[in-house]
Participant: 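Please see the structure below; I have some questions.
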Amino acid sequence: MTEKPNVLIHSAWYEPAMNRLDELAVTHHLYKAADKKAFLADIGPQCSVLGTMHYCPAWLMDAAPNLELILNFGVGYDGVDIPEATKRGIKVVNTPVVLNDCVADMAMALVLSGRRHVVQADRYARAGRWPVEGDYPYTLNVHSTKVGILGLGRIGMEIADRCKAFKMDVSYHQRTKRDDVDLAYHASLVEMARQSDILIAIIPGGDATHGLVSEAVLEALGPDGLLVNVARGTVVDNDALARCLKDGRLGGAALDVYPDEPNIPPALLEITDNLVLTPHMASATHYTRMAMGMVLYDNLRARLEGKPLLTAVN
Ligand code: A2R
């Protein structure tokens, strides 16, 4: 093994896993620094590795001009400027696969909450409304519905399996039809939304998918339709979503992700009856966050041992 490298930790991830990096490297925690500018100026040039919760624009690479590797905690890396990293010869690794099950579980939790109003009904019960106003209003089925999955990739496949177990009729939309699955493919997202009761988004963020779940898609999903977003906040036109939820063109939504996290668009926060919001926690169990952290650890170790990176994205 070569000498321990200096790792600039831009943003912290699951601590028990992040701390394991100290076995391999000298870590420098930018997010803890009182004067981040001075810290970066001092430490940045010493670091050949950067660790981040999916954020590394060009300016950060400028501040660490000797970077060779970016450890991106998360499967999505839309906050990392990949073309810029590639141009500079910086490799980027992410944490795919180990989070598939957790994200798919959360998608189902949001489907169940969105259709059966688990969260709203909890509020109703706790507010003492049951004895006064009577039974909670009827909700909509999960089983025997049509679900359209936007993005039948690694996580999308796990969601599809769970939906089948819930006796849902599953179809999907993405750019390429898969030959290895026996599910209906829709070349048009609007058409899939029109034919679905529930739409689950699980595609990467970034320019190519920005606003893909548009007002037209939401209208096609319709007054009894449910949108679940466990992808990235940017893939949905959230202004249109707020409008459609308020005026009834869309039945409901359940979201785990937002365009400007940790801020949630105020227009969405105002809506309580038919909208469930969770704070980007789909992969956030102890088990999965540890596994994700260890993917980064294993990548760094491979790099230091001169072996190929395990999950390089560029
Ligand atoms: O379009 P395809 O055939 O490349 O299928 C991919 C699909 N996808 C898209 N679908 C429609 N329009 C697009 N512009 C578009 N771009 C990509 O998303 C593929 O089936 C799926 C992504 O699958 P994986 O690469 O296996 O990603 P994984 O691990 O399932 O994670 C998905 C995303 C992450 O990027 C995070 O943003 C989020 O879930 O947590």
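Both ligands and their constituent atoms are indexed starting at 1 by order of listing. All values derive from a computational prediction rather than experimental measurement. Numbers here simply count residues along the sequence, with the first being 1.
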Participant: Give a yes-or-no answer on whether the side chains of Asn6 and His28 include a donor-acceptor pair shorter than 3.5 Å.
Facilitator: yes
Participant: Is Asp180 atom CG crowded by more than 12 heavy atoms from other residues, nucleotides or ligands, each under 6.0 Å away?
Facilitator: yes
Participant: Check ligand 1 against Ala208 and write out every atom of the ligand that is under 4.0 Å from a heavy-atom position of the residue.
Facilitator: 14 (N)
Participant: Counting from 1, what ligand 1 atoms have a heavy atom of Ile203 closer than 4.0 Å?
Facilitator: 7 (C), 8 (N), 9 (C), 10 (N), 18 (O), 33 (C), 37 (O)
Participant: Regarding Arg129 and the six-membered ring of Tyr124, is the cationic atom NZ or CZ under 6.0 Å from the ring centre and inside 45° of its axis?
Facilitator: no
Participant: Can the ring centroids of His280 and Tyr258 be said to lie less than 6.0 angstrom from one another?
Facilitator: no
Participant: Pair up each side-chain donor or acceptor in residues 138-154 with any protein partner under 3.5 Å, not counting sequence neighbours, and list the distances.
Facilitator:
residue : atom : partner : partner atom : Å
Thr139  : OG1  : Arg116  : NE           : 2.9
Asn141  : ND2  : His143  : O            : 3.4
Thr145  : OG1  : Val142  : O            : 2.5

Participant: Please determine whether any non-hydrogen atom of Val103 lies less than 4.0 Å from an atom of ligand 1.
Facilitator: no
Participant: Among protein heavy atoms, which sits nearest to atom 23 (O) of ligand 1, and what does the distance come to when rounded to 0.1 Å?
Facilitator: Gly153 CA, 3.3 Å
Participant: Consider every N or O of Arg154 and every N or O of ligand 1, then say whether any pair is closer than 3.5 Å.
Facilitator: yes
Participant: What are the atoms of ligand 1, with element, lying closer than 4.0 Å to any heavy atom of Ala231?
Facilitator: 37 (O), 38 (C)
Participant: At less than 4.0 angstrom from any non-hydrogen atom of Thr176, what atoms of ligand 1 do you find?
Facilitator: 2 (P), 3 (O)
Participant: Which atoms from ligand 1 have a heavy atom of Leu212 less than 4.0 Å away?
Facilitator: 12 (N)
Participant: Number the atoms of ligand 1 from 1 as they appear, then name those within less than 4.0 Å of a heavy atom of Leu152, with their elements.
Facilitator: 20 (O)
Participant: Look at atom 22 (C) of ligand 1 and find which of Ser283, Gly151, Pro204 reaches it with the closest heavy atom.
Facilitator: Pro204
Participant: Could you work out, for atom 13 (C) of ligand 1, the closest of Glu158, His173, Arg175 by heavy-atom distance?
Facilitator: Arg175
Participant: Taking atom types as modelled, find out whether Thr209 and Arg232 have a side-chain donor-acceptor pair closer than 3.5 angstrom.
Facilitator: no
Participant: Taking only heavy atoms of Ile202, which atoms of ligand 1 are found under 4.0 Å from at least one of them?
Facilitator: 32 (C), 38 (C), 39 (O)
Participant: Regarding Arg126 and Asp122, does a basic nitrogen lie under 4.0 Å from an acidic carboxylate oxygen?
Facilitator: yes
Participant: Under a 3.5 Å threshold, yes or no: a donor from one side chain and an acceptor from the other, between Ser171 and His186?
Facilitator: yes
Participant: Going by an N to O cut-off under 4.0 Å, is there a salt bridge joining Asp298 and Arg20?
Facilitator: no
Participant: So for atom NZ, which belongs to Lys167, do other residues, nucleotides or ligands contribute more than 12 heavy atoms lying within a distance under 6.0 Å?
Facilitator: no
Participant: Under a 4.0 angstrom heavy-atom cut-off, which atoms of ligand 1 come close to Val75?
Facilitator: 29 (O), 34 (C), 36 (C), 40 (O)
Participant: In the protein, what heavy atom is nearest to atom 14 (N) of ligand 1, and what distance, to one decimal place, separates them?
Facilitator: Thr209 CG2, 3.5 Å
Participant: Could you tell me the residue and atom name of the protein heavy atom closest to atom 30 (O) of ligand 1, and the distance to it rounded to 0.1 Å?
Facilitator: Ile155 N, 2.9 Å
Participant: Tell me whether Gln174 has any N or O atom under 3.5 angstrom from an N or O of ligand 1.
Facilitator: yes
